[in-house]
Protein chains: 2
Amino acid sequence: MEQQASKHEQVKQHLHKEITEGNYEPGEKLPSEKRLCDYFKVSRVTVRHALQNLENDGFIYRKQGVGAFVSNQNYKSNLVRLTDFAEDMRQAGLQSSSRLIELKKVDPIKEVNEILDIRPDMKLIQVDRVRLGSGKPIAFDTTWLPPGYGQLLFDEDLTTQTIYNIIEEKYEIPINAGSYRITAANANKFISKHLKLSEGDAVLEIDRCSRTTGNKKVYFQKRYYNPTHVSYVMELSRTDESQGPSKQGLPLKEFSPRFAK
Amino acid sequence: MEQQASKHEQVKQHLHKEITEGNYEPGEKLPSEKRLCDYFKVSRVTVRHALQNLENDGFIYRKQGVGAFVSNQNYKSNLVRLTDFAEDMRQAGLQSSSRLIELKKVDPIKEVNEILDIRPDMKLIQVDRVRLGSGKPIAFDTTWLPPGYGQLLFDEDLTTQTIYNIIEEKYEIPINAGSYRITAANANKFISKHLKLSEGDAVLEIDRCSRTTGNKKVYFQKRYYNPTHVSYVMELSRTDESQGPSKQGLPLKEFSPRFAK
DNA sequence: TGAATATACTTGTTATAACATGTTGTTACA
DNA sequence: TGTAACAACATGTTATAACAAGTATATTCA
């Protein structure tokens with residue numbers, strides 16, 4: 001039995017669908033609240049609730065006395081998408097693939113076991129991969145998983161699928177949270193070989209730990225990007241008032257990896 | 001004549017003040033909506049509007065049937081504060097200072113002039129500084145400004161004041177937007193000397209361009225962080241529903257430089 | 001004592017209604 | 001023709017009201 005969503009949620013989804021399907025041009029005005037009330041046969045409270053949510057998510061913006069308009073940007077407001085390598089590549093117009101270097105069970109690593117919140121004597125599943133964009137090596141990464149999650153990977157094709165995808169879509173383990181650390185490192189012999197760099201060349205290192213329900217750690221990954229191909233770009237901008245000066249910083253409008261070919 | 005703020009705004013500000021002043025512990029439950037209605041002598045619509053805004057800003061979270069609670073994080077929701085080195089240091093509990101290496105007028109630099117959107121033959125003001133946290137070198141940065149803005153710096157004490165501060169607070173030129181690029185680089189002889197590193201060591205490079213009203217570029221800066229002292233940390237987390245799976249990525253809860261001593 | 005149930009309380013949803021405030025286009029007047 | 005006043009319309013604010021749904025606590029019964 002399917003749970004019926006609330007009315008404001010239905011209205012939101014309907015409008016969201018129309019926007020993402022391109023039925024409205026960026027900047028185009030949505031029907032007035034009154035019209036939406038009549039169309040959906042709901043009260044103005046409900047319509048405004050839906051519009052409020054769409055505004056919070058950055059799909060529309062509103063002007064008093066004028067109307068609600070579809071945002072011209074395709075930025076996902078404060079949503080950050082750096083979860084999936086394949087997705088990143090797709091957006092950059094590159095074909096994503098991976099070269100599996102190794103998939104093996106390894107002895108516990110003190111630092112990693114602590115991060116993953118598992119017993120210090122528990123073995124780990126380790127995945128080493130080179131990540132390719134249209135055939136060119138973009139990044140090298142090593143992923144560690146607790147055995148419970150790690151064993152899910154042994155029957156999967158890791159050259160075309162991302163770990164994120166296997167975990168979340170095939171096994172329906174939702175990734176609800178993650179922490180990321182961005183730093184710089186010198187490529188060692190192993191990494192530089194795979195990224196076709198010289199030993200000692202600077203690489204962009206991203207450490208991340210993804211968590212599922214109950215803050216349970218699913219995997220920890222160290223990824224090394226070739227900085228000539230990848231950098232992270234951020235756009236901050238105050239649209240208008242917000243309030244006062246920049247005592248609170250600027251709202252993040254975009255944060256994404258940028259790829260150079 | 002002072003403009004009277006709306007009631008829900010007053011309620012929000014009142015609660016916000018109490019939260020930031022520490023009258024509520026993180027995780028502590030706020031009074032129920034009913035109580036807030038009675039206390040502020042407003043309707044439930046108004047109270048809920050205020051709570052909704054506080055929730056959007058990340059100061060509280062709510063649980064149906066239970067109540068509203070003060071967030072334990074001091075994250076500024078989707079506001080990102082990486083504008084000011086001094087501020088960053090203060091939050092890390094370190095004393096901020098700068099060592100001015102050079103402040104000079106230099107010949108146009110093709111790449112920089114293009115970024116700053118000024119004529120290719122226009123000279124630039126260049127500021128080289130070592131940024132210190134409690135006396136230890138944390139970063140080296142070079143800033144280029146168009147002569148108009150640059151000349152404002154010649155009478156200022158750049159060892160204690162940040163450029164951002166001088167521009168925005170003293171000359172009241174608001175910084176409304178900025179773009180940032182995070183990448184990795186090998187420290188050259190010059191940089192490594194100032195950061196007490198070895199030549200070739202990897203450093204975290206942040207390029208940023210700050211803009212004022214009308215998207216006018218105010219300055220362009222290249223900053224090199226010692227990665228053993230500084231990395232950028234990001235926290236993404238879905239509080240609850242949002243909607244469906246993570247097709248849209250995760251909301252950013254925190255993004256800030258992290259300092260190790 | 002332990003589990004099921006009832007109850008009170010809390011937030012979530014939705015409708016109706018009135019007025020405030022901002023915008024735009026039209027109309028009337030100089 | 002140009003401007004000022006006005007009307008129509010849009011979103012913003014706020015109150016009242018009722019019910020839905022989730023949670024916690026007290027109560028009852030086995």
Side-chain angles (χ1 to χ4, degrees), chain A residues 1-16 19 24 27-71 213-214 239-243, chain B residues 1-16 19 24 27-71 238-244:
Chain A
M1 206 54 81
E2 188 63 30
Q3 171 70 12
Q4 180 76 346
S6 57
K7 290 192 189 176
H8 71 81
E9 186 63 23
Q10 290 177 42
V11 173
K12 181 192 170 183
Q13 284 174 12
H14 184 107
L15 292 172
H16 176 258
I19 290 169
Y24 289 101
E28 191 175 340
K29 186 172 170 300
L30 292 178
S32 73
E33 295 177 357
K34 178 73 172 58
R35 281 176 179 281
L36 292 173
C37 290
D38 295 343
Y39 180 77
F40 290 108
K41 300 276 191 298
V42 296
S43 74
R44 198 164 154 233
V45 178
T46 306
V47 164
R48 283 182 62 79
H49 199 157
L51 292 175
Q52 182 64 57
N53 284 335
L54 285 170
E55 187 176 32
N56 288 343
D57 291 351
F59 294 109
I60 64 169
Y61 58 93
R62 295 194 277 179
K63 283 190 198 171
Q64 181 174 356
V66 189
F69 304 85
V70 175
S71 299
T213 313
T239 44
D240 49 332
E241 18 74 62
S242 288
Q243 62 178 9
Chain B
M1 204 56 80
E2 186 63 30
Q3 171 72 12
Q4 179 76 347
S6 56
K7 290 192 189 175
H8 70 81
E9 186 63 26
Q10 290 178 43
V11 173
K12 180 191 169 183
Q13 283 174 12
H14 184 108
L15 292 172
H16 177 259
I19 290 168
Y24 288 101
E28 191 176 340
K29 188 174 169 299
L30 292 178
S32 74
E33 295 177 357
K34 178 74 171 57
R35 280 178 179 279
L36 292 173
C37 290
D38 295 343
Y39 180 76
F40 290 109
K41 300 274 191 298
V42 296
S43 74
R44 199 166 153 232
V45 177
T46 306
V47 165
R48 282 182 64 77
H49 198 156
L51 291 175
Q52 183 64 56
N53 284 335
L54 285 170
E55 187 175 30
N56 288 344
D57 291 350
F59 294 110
I60 64 169
Y61 60 93
R62 295 194 279 179
K63 283 190 199 172
Q64 181 175 356
V66 188
F69 303 85
V70 176
S71 300
R238 200 198 324 271
T239 43
D240 49 332
E241 18 73 64
S242 288
Q243 64 174 9

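Throughout, a chain's letter reflects where its sequence line sits, starting with A, and its residues are numbered from 1. Computed from a predicted structure; not experimentally measured.
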Between C/dC19 (C1') and B/H8 (NE2): distance, integer Å: 15 Å
Separation of atom CZ in A/R44 from atom P in D/dT14, rounded to whole Å: 13 Å
Atom pair distance, as rounded to whole Å: CD in B/Q52 and P in C/dT11: 13 Å
Integer-rounded Å distance: D/dT11 P and A/R35 CZ: 11 Å
Separation of C/dT14 P from A/N53 CG (nearest whole Å): 11 Å
Minimum-distance nucleotide (side-chain atoms of A/V45 versus D/dA15, D/dG12, C/dT16): C/dT16
Residue met sooner reading DNA chain C from 5', once A/G65 and A/H49 are mapped to nucleotides: A/H49
Length of the CD-C1' vector between B/E33 and C/dT11, whole Å: 5 Å
Beyond-backbone contact of B/R48 with B/R62, side-chain heavy atoms, under 4.5 angstrom: yes
B/L51 side chain reached by B/L15 side chain, heavy atoms, under 4.5 Å: yes
Nearest-nucleotide comparison on DNA chain D, the residue closer to the 5′ end among B/S43 and A/L30: A/L30
A/K29 NZ to C/dT24 C1', straight-line distance once rounded to whole Å: 11 Å
Flag, side chain of B/Q10 to backbone of B/A5, donor-acceptor distance under 3.5 Å: yes
Distance test, side-chain N/O of B/T46 to OP1/OP2 of D/dA15, below 4.0 Å: yes
Among C/dT13, C/dA15, C/dT10, the one nearest A/K7 by side-chain distance: C/dA15
B/K29 atom NZ, neighbour heavy-atom count above 12 within 6.0 Å: yes
Nearest-Å distance for atom pair CG/P, residues A/D38 and C/dA15: 12 Å
No-H, no-angle donor-acceptor pair, B/Q64 side chain to C/dT10 base, under 3.5 Å: no
Check: B/L30 and B/I60 side chains under 4.5 Å, non-hydrogen atoms: yes
B/V66 side chain, from C-beta outward: closest of D/dT23, C/dA15, C/dT13: D/dT23
